[in-house]
Structure formats: structure tokens, C-alpha cells
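Worksheet for the structure shown next.
Letters A, B, ... are given to chains in the order of the sequence lines, protein chains preceding strands, and every chain is numbered from 1.
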Amino acid sequence: MAKRNAPEVNAGSMADIAFLLLIFFLVTTTIETDSGITRKLPPINDEEQDPPPLKEKNIFIVLINSNGDLLVEDEQMEIKNLKTAAKEFLDNGGGQGDEACNYCRGAGDPKSSDNPIKAVISLQNDRLTDYGIYITVQNELVKAYTELRNREANRLYGRDFTAMVKDYKNKADYDGDVDKLKERIETIKDMFPQKLSEAEPSRSK
Amino acid sequence: MSKFKKKKGGDTPAISTASLPDIVFMLLFFFMVVTVLRDTSIKVKQNLPYADQVEKLEKKNLVMYIYAGKPSKRYQGQFGDEAKIQLNDKFASVKDIQQFIYEERQSKREELRNLLITSLKVDKKTNMGLVSDIKQELREAEALKINYTSKEGDALQNIN
């Protein structure tokens, strides 16, 4: 019996095939990083409720018109100054007695907010406002809260609030006490609660 | 002496390409793993705004996408250049949003239904009126968790 050697398969074109596949995946890949500003919408209440009484000075009103101009507390303002203004308002701590704020570092102006727990930012926009501007304003307001929260977290626990939240999200990799971490995050959130109220946009005339 | 000369005289050996397929396969597997094949083709302009106070959307299967913006160039003849909403693969009106949310909710397992997040992918040149209408519909459908999906970057770039 003649014993024949099986001829070896030429693997030289393997690279070509692999390249073809590689190029296909390279072209179709979109490394999507979906991230954005997370918000919670207010639920619709069937029965009309009276809004809780708020002192005029505890509300920080931000209006955006159709051209993207800002009116903050009845004064025109550039968007780049909004964050500082919001921080000053939140951190003011002008309250006395029960409403005093012992961690605020603001000016303590009696005409501005009493306490960050009571302070509400009201955002109102026009139906013709650009979405981009709206996001910028939202972003600046959230940033004001984040910076204040970071400051307090650094003072109390020696690290950034954002770092703590990140650790809490990756619980599995965190080697400290998770319950304690959660408690700390809640504490900071209670010090500067995000109270952003959005009115329905006004109609443009 | 002659020993050394002999060595020098030989041709330079060809570089072996035998390991090339291995390298290519490695790259191939990397891209296969990270690839997310789009299941919808986007028919509206998507120039998302920038923001830096962002949170990542971790679980892709728990996200519902609502796209809005002007129809892209090749659909403009048919649909005009007013900003429109896109759900799944087709243009929709504001009224269709509730139905869409209910359908999405039905397709998920019961214990996951209240973890759903709606991602709003809206072009930055869209009017807020449309976005407000979407938000109102979402409130009525009780899909309260939303995410304004945006590109990461300095938010002040949006103004120009």
C-alpha cells in the first residue's frame, strides 16, 4: 500500500482572510460612549396640590429667552458667570436660628438664600430656546452643586464627592466599607440637595 | 578570518511572517468584542451638545432611545427640515411616544421595568419646545428617568 503524505494546507492566505474581517469590524465599530446629564422628571399629580410655601429669597430664578440670553434674578448674565452666581446663592447661608447653616462659607447676605437645604433653583426656558444652550445651563447648574458637594466631602472625609460616587458605582472593586460610603454620600447629598425646578416653557409671542 | 567572512556573505534572511495572522487575529478579536452593531439607522441630524457633568449609561439593554433633530440631508426632500422625532427606525410624532414606551416596557422582564432609562439624543440646534413636548409625554407615560445624552467636553462650546 502506498502511503501518501497528506499535503499541507497552505495557510498563507489566512492573514488575508483575517485582515478582511478585521477591516469589516474596524469600519462598523462605533465605540459608543453613551453618557449624559441624568435627570428625574416630576411625576404628574392628579389632584392639584398647593406648592409648599417658599420664601422669595430662597428661589434663584434663571430665565433663558429664545436668543439664548440669560436673565438671572432680574439681571442679565453671561453663561460663564452663571456657575459662580449659583454657588454664591446656594452657599450664602443667611439664615438665623433654626435656619442657620453651619457649613456655608458664603457672604451671609440676608437678601439671598437662608440655607442650601431650602434653596431652590428655578429654570425656565422659552419654546424657541436652542437645546444646546439649555444643556449648557443645566450643566453649569449641576456643576455648581458638584463643586459645593466636593468641597464639603473634602472637608469631612478628605476626598472628592465625585470620587466617592464613582467608588459606589463600582462596589465590587471598592475595598472599604460600602455601607459607610453610602451613608457618607447621603450625608453630602443632604447638605446640598439638588433642587432644580423646571417650569413648563413659555410660549413665544 | 575566513570563518567570519562566510557568515557575512549570506543573504539577509526573510523576516518570517508566520506570526502575522496571529497578530491580526488578536486585533480582530479585540474589535469583535468592543463592537456594538447599531440596530437602528439614524435618520435625523445628531450633533449632540457638550457637557461635562455626565453620568455613564451602564446597562445598554435598559436604555430606551429617543432621537430628535432635523431630518438628515437625504430625507429632507421627503420630510422637510423641521425638527422631528425618531423612534426605532422611523419618524414619529409626539403622540407615538407613550405607545413606544409601553411597548419597550412590555419587552423587558418585569423586575427590570422600573430600572429603564430614557436617553434623549437631541441635536443641539433643536428648539426646546419639541424637547418639552417629549418630556411631557414621558411624564404621562411615567418614564421619569431621563438622560440628556451628550458628548463629553466643555459645555461652553455649545453657545457658538
Testing the 3.5 Å rule here: is there a donor-acceptor pair between the side chains of A:Ser35 and B:Glu55?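 Note: A:Ser35 and B:Glu55 side chains miss the donor-acceptor criterion.
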Would you please say whether a donor-acceptor pair under 3.5 Å links the side chains of A:Tyr134 and B:Tyr148?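 There is such a pair between these side chains.
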Does atom [atom1] ([X]) have a neighbourhood of more than 12 heavy atoms from anything else shown, all under 6.0 Å?
X        : atom1 : value
A:Lys118 : NZ    : no
A:Glu78  : CD    : no
B:Glu111 : CD    : yes
A:Lys87  : NZ    : yes
B:Arg74  : CZ    : no
A:Asn67  : CG    : yes
B:Glu110 : CD    : no

Options [options], ranked by heavy-atom pairs under 4.5 Å with chain A, top entry:
options                             : result
B:Val24, B:Asn147, B:Asn127         : B:Asn147
B:Leu57, B:Leu27, B:Val122          : B:Val122
B:Asn47, B:Ile23, B:Ile117, B:Asp52 : B:Asp52

With a 4.5 angstrom heavy-atom cut-off, could you sort out which part of B:Ala68 is near chain A: side chain, backbone, both or neither?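 Answer is neither: B:Ala68 stays 4.5 Å or more from chain A.
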Part of B:Glu142 lying under 4.5 Å from any heavy atom of chain A: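 No part of B:Glu142 comes within 4.5 Å of chain A.
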Toward chain B, the part of A:Lys169 with a non-hydrogen atom under 4.5 Å: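 Just the side chain, heavy atoms under 4.5 Å.
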Answer with side chain, backbone, both or neither: which region of A:Phe19 has an atom nearer than 4.5 Å to a non-hydrogen atom of chain B?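 Both backbone and side chain.
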Does some side-chain heavy atom of [Y] sit less than 4.5 Å from a side-chain heavy atom of [X]?
X        : Y        : answer
B:Gln136 : A:Ile44  : yes
A:Tyr131 : B:Lys125 : no
B:Ile146 : A:Thr38  : no
A:Glu140 : B:Gln53  : no
B:Leu120 : A:Arg39  : no

I'd like to verify something: which residue of [options] has the highest number of heavy-atom pairs under 4.5 Å with chain B?
options                             : answer
A:Ile23, A:Leu22, A:Val137, A:Leu21 : A:Leu22
A:Ile79, A:Ile17, A:Asp16           : A:Ile79
A:Lys166, A:Lys40, A:Lys143         : A:Lys143

For the aromatic rings, using the six-membered ring if either is Trp, is the centroid distance between B:Phe30 and A:Phe25 under 6.0 Å?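 Centroid separation for B:Phe30 and A:Phe25: 6.0 Å or greater.
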Could B:Asp154 and A:Lys80 be called an ion pair, given the rule that one side-chain N must be under 4.0 Å from one carboxylate O?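 No.
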Checking the side chain of A:Asn139 only, and the main-chain atoms of B:Ala51 only, is there a donor and an acceptor separated by less than 3.5 Å?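 Not a single qualifying donor-acceptor pair exists.
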Treating A:Thr129 as the side-chain partner and B:Met128 as the backbone partner, does any N or O pair qualify as donor plus acceptor under 3.5 Å?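 Checked: no pair found.
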Once you round to the nearest 0.5 Å, how far does [atom1] of [X] lie from [atom2] of [Y]?
X        : Y        : atom1 : atom2 : value
B:Lys151 : A:Ile135 : NZ    : CD1   : 13.0 Å
B:Tyr50  : A:Thr136 : OH    : OG1   : 11.5 Å
B:Asp123 : A:Asp130 : CG    : CG    : 9.0 Å

Which atoms form the tightest heavy-atom contact between B:Pro49 and A:Gly132, and what is the distance?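 For B:Pro49 and A:Gly132, the tightest heavy-atom pair comes out as CB-CA, 4.1 Å.
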Closest heavy-atom pair and its distance - B:Ser150, A:Gly36: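 So the two residues come closest at OG-CA, 3.7 Å.
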